[in-house]
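Computed from a prediction, not measured in an experiment: that's the story for all the values here. Every chain is numbered from 1 and lettered A, B, ... according to where its sequence line falls, protein lines coming before strand lines.
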Amino acid sequence: MPARKAYPFDVIEPKWQHYWLDRELFRSADPGEMGSEKPKFYVLDMFPYPSGSGLHVGHLEGYTASDIVARYKRMKGFNVLHPIGWDAFGLPAEQHAILTGTHPAVTTKQNIDNFRRQIQSMGFSYDWKREINTTDPSYYKWTQWIFKRLFEKGLAYVAEAPVWYCPKLKTVLANEEIVHTPEGPRSERGNHPVIKKPFRQWFLKITAYAEKLLEGLELVEWPESIKEMQRHWIGKSEGAVVKFSVEGKDIEIEVFTTRPDTLFGVTFLVLAPENPLVTKLTESGFKELVEQYCASASLKTDLERTELSKNKTGVWTGSYAIHPITKEKLPIWVSDYVLMTYGTGAIMAVPAHDRRDYDFAKTFCLPIKKVVTAEGIEEENDCYTGEGITVHSGFISGLATKEAKEKIIQWLEEKKLGKRTVQYKLRDWLFSRQRYWGEPFPIIWKENTPIPVPDEELPVLLPDLEDFTPTDEGIAPLARKKDWVELGNGLKREVNTMPQWAGSCWYYLRYCDPSNKEAPFAAEKEKYWMSPHGVDLYIGGAEHAVLHLLYARFWHRVLYDIGLVSTPEPFYKLVNQGVILGEDNQKMSKSRGNIVNPDAIIQEYGADTLRLFEMFLGPLQQSKPWSSKGLEGPHRFLARVWRLFMDEDGEGLWVLRKDILEEEAPSHIQRLQHQTIAGVTEDIENFQFHTAIAKLMTFVNELTKEKKRWKKVLEALLLLLAPFAPHICEELWQKMGHKDSLAYEPWPKYDPKYLINEEMELIVQIDGKVRGRIMVKKGVEKEEAIRKAKETEAIGKWLEKATISKVIYVPDKLLNFVLEKNLNSQ
RNA sequence: GCCCUCGUGGCGGAAUGGCAGACGCACAGGACUUAAAAUCCUGUGAACCGAAUAGGUUCGUGCGGGUUCGAGUCCCGCCGAGGGCACCA
């Protein structure tokens, strides 16, 4: 016989899940529909990728949090948009197809069905009428359509560039998809080794939006750490480009520097090995060495060029540049510590004030010229990279770094020898993949010219294939589908597909109008749901800090610039849930075998317990370990709530208690009720769900101790608990005689008069240490409080032998007697 | 190396500069029971004084300083953990 359940969650949870689904209770009202007159609230979860292994408890944390907010906001009178869908293109389904021959579409459907089942068994209040799927042609039609808008704006282009290639996955990957490990660069998906290889690829010109993406961060309420990561990724630096002429040659070398104030400290120039000027600059006697060096540099992995090479390498080209001011001769070197991909691929070396130049100068015995001083920096030949006073620098000597920069830039601009420049680390976004399971590009090639497919011919459908394996040369599997690729007259389809990020760049917009056939979304609906500042609340993991969140911002900003959306930024308030670790305090992973499957927990404890427990683990934003024992607490709590209302009859059946009173509860219970309402409300608003639950527990513990049950108090409890544990609350609400769901009942209000006690406890301290407490009337006078405190034995005995030097009184809080120090004692 | 976040009982964690440890887990004792489970009640930071399961004292929020009548909370300097960036001139 199975153990008796503490309360019949196994019956009531499916019952209410069906009730909500059948009645479409959580359908959001679009503009014009009944309900749209309410203020709207858009609460969004990060787009799930339906993997084969199903959801684990980590995913459910964010979904539970957003569901609590969605349910709370409905009760607060908002028209809530709370959608879900599937980011279903991507590598795992395709890898699975290569291994088993099962079509990715089949795997994807199975996985989605499983995800949907798991999500529904948690009782989340999604509007299932808005469910979307990126692999559905009616969705990716519009992904292609938006790509065309980018193409038309000149923001999508093809170029040959050294890009990351993964031999195992047989595809190129974006910079953002590479993880640098001690074993070398790896693919983020699958952790396979990756190499740099030149390829002809599609790029999106995200760099054109660097400044806008930087500025936009000021408009959103995101964790500061995420904003910082994006700022670093964009990597803006202000400085100047300076031109150097070359002795005996008609060549100009441009360098970028953030420290033009150190121009007088330049002792040599360095070019990146890939810099096309290298060949022209190399003197005949140096050719062999330079060519050899450049060749070996190109073979080096990035790891060797960066992390390992604390020892600088390089060769001299044999030529000299001329200092634009002093006309000194400066040797021109080649070294792989200078990157072709940043700035101009050439630098002016100031060894006295740049660590890397210093190391290089030391290695090759090049001169070091100090041009900045600061207090405490005296040592000869030291490398000082901070700011200070400029010295030995002609007309900028004596100026502080900032002023020196200004003056030299002005001078350079006047003489046309340079100009103020801003550089970004951000690179254009590599947008094509040599894979099958992705959106086809709406592009046809005529010779070497890409021609967009007309809008009315969209979507370009992804054709079926039998063999999904990419070729070893990194050519996409679609190339094999000759009848699809070849269009006659020399016209050929683009065979690459878009990366997985494409679909998630605009899905939150599609939710506003998910079945629109004429447009990605109707302007009117977009305006209703996205005004005034985008998605009101976005909950998801921090692992998307620079990938999805930067790409989506970029697309959104482009759509804003062409007038398709009404806000510059897509996501206003962002909350990152922390990672849930395994019980062993390690990251949950299949290989560690510490993944917790929610299905088993729902079966044993129910969804309400799991929801409550996910939130009770600790602060939402913090990472914290799972604890299977800990589930008992929330489960007992819910059983206790159940028994506040329900009793067992002679046959062991649950029946509503007969002794629930209509009368007013005594004042101490009413006070607690109102304090709980105030506390829980405030905690939800601040995403402090764990303390909200603690307050509800205290409330229930106190009610359990009472002999009587008061209807009004119990009903308030149900409404407060409903966002967290909706099934049990709906059931008890119905048992209490209500016909309708409580999902749209008004959120309980508190009366501030109950929050203030007339008689209150005042803390009495001696020298800041608590020595006693006295009962006083609220707002009591200082003198009165002191008199009362002195009368108390516990306090009196401390004051007897001492002199009071000072009394601190914080009304309604505490009284602190500061005593004169008795130097004789001790 | 640089940037961000965080260090509180046996454990997860709570605390507008004002009673450190709410709430939960675990543990212990008691009630109920023939018994157990479940449930309910009580206790639970450390050391010390005390015959005491009366009462009381001291110490205690990673370490060392500082500001303050008063610091887990603010400031300075360390140490440790996690995350991010990493020759970006």
Side-chain angles (χ1 to χ4, degrees), chain A residues 3-6 180 223-229 231-233 235-237 239 255-259 262 270 302 305-310 312 335-339 341-350 353-357 359-360 385 423-427 542-543 545-546 578-579 581 585 587 612-613 616-619 621-637 639-640 643 688 690-701 704-705 761-773 794 797 805-810 813-819:
Chain A
R4 181 173 162 71
K5 303 256 189 310
H180 294 273
E224 205 40 49
S225 59
I226 301 286
K227 287 194 188 184
E228 270 303 296
M229 280 166 72
R231 284 191 197 108
H232 279 142
W233 197 265
K236 178 178 184 174
S237 30
V255 303
F256 173 72
T257 177
T258 54
R259 291 294 299 272
T262 61
V270 190
D302 264 35
R305 275 181 70 156
T306 58
E307 277 150 272
L308 293 182
S309 58
K310 292 285 166 255
K312 297 276 182 283
S335 173
D336 62 10
Y337 84 90
V338 175
L339 306 174
T341 45
Y342 183 79
T344 61
I347 61 150
M348 58 179 227
V350 186
H353 305 291
D354 182 282
R355 189 77 231 169
R356 298 148 301 180
D357 299 344
D359 292 342
F360 193 83
T385 57
Q423 280 288 337
Y424 301 91
K425 286 191 213 172
L426 187 70
R427 310 283 158 76
E543 67 273 17
V546 285
V579 178
L581 304 167
N585 239 306
K587 214 172 189 161
L612 219 47
F613 182 59
F616 193 62
L617 273 177
Q621 291 93 337
Q622 195 176 299
S623 75
K624 55 241 161 204
W626 185 258
S627 150
S628 49
K629 282 270 189 215
L631 277 157
E632 291 292 345
H635 192 60
R636 278 179 206 150
F637 164 70
R640 205 180 274 210
R643 290 194 307 269
Q688 305 272 333
H690 61 309
T691 52
I693 293 166
K695 287 177 177 108
L696 289 167
M697 285 174 167
T698 306
F699 190 26
V700 168
N701 288 348
T704 302
K705 283 179 198 159
E761 213 175 51
L762 195 70
I763 307 302
V764 185
Q765 299 182 329
I766 308 288
D767 283 331
K769 287 197 175 102
V770 182
R771 295 299 180 189
R773 49 210 68 191
K797 77 175 186 194
S805 68
K806 198 172 168 186
V807 183
I808 314 283
Y809 178 57
V810 183
K813 280 266 173 180
L814 63 79
L815 191 63
N816 184 13
F817 292 97
V818 184
L819 305 185

**OP:** Spell out protein contact along nucleotides 54-60 of chain B as letters: B when the base is contacted, S when just the sugar-phosphate is, - when no protein heavy atom is under 4.0 Å; keep the 5' to 3' order.
**Re:** ---SSS-
**OP:** Tell me which of A/T704 and A/L617 sits closer to the 5' end of RNA chain B, going by the nucleotide each one is nearest to.
**Re:** A/L617
Original post:
Reading nucleotides 18-24 of chain B from the 5' end, what letters show protein touch, with B for base, S for backbone sugar-phosphate only, - for no heavy atom under 4.0 Å?
Top reply: BBS-BBS
**OP:** Can you tell me, in whole Å, how much space there is between the P of B/C85 and that of B/C11?
**Re:** 32 Å
Subject >> Position toward the 5' end of RNA chain B (nearest nucleotide), A/K624 or A/H232 >> reply: A/H232
Subject >> Nucleotide nearest A/K806 when distance is taken to its side chain, options B/A89, B/A26, B/C69 >> reply: B/C69
Subject >> Nucleotide-level pairing of RNA chain B, given in dot-bracket where Watson-Crick and G-U pairs need both distances under 3.5 Å and | marks other strands >> reply: (((((((..(((.....[....))).(((((.......))))).(((((.....)))))..(((((..]....))))))))))))....
Subject >> Pairwise C1' distance, B/G66 and B/G9 [rounded to whole Å] >> reply: 28 Å
Original post:
What is the distance, rounded to the nearest whole Å, between atom CG of A/D336 and atom C1' of B/C87?
Top reply: 9 Å
Subject >> A/R640 side chain to A/M697 backbone, donor-acceptor under 3.5 Å >> reply: no
Subject >> Side chain to side chain, A/L762 and A/Y809, heavy atoms closer than 4.5 Å >> reply: yes
Original post:
If we take the C1' atom in both B/A89 and B/C78, what is their distance in whole Å?
Top reply: 32 Å
Original post:
Where does B/G9 fall, syn or anti, if syn means a chi angle no more than 90° from 0?
Top reply: syn
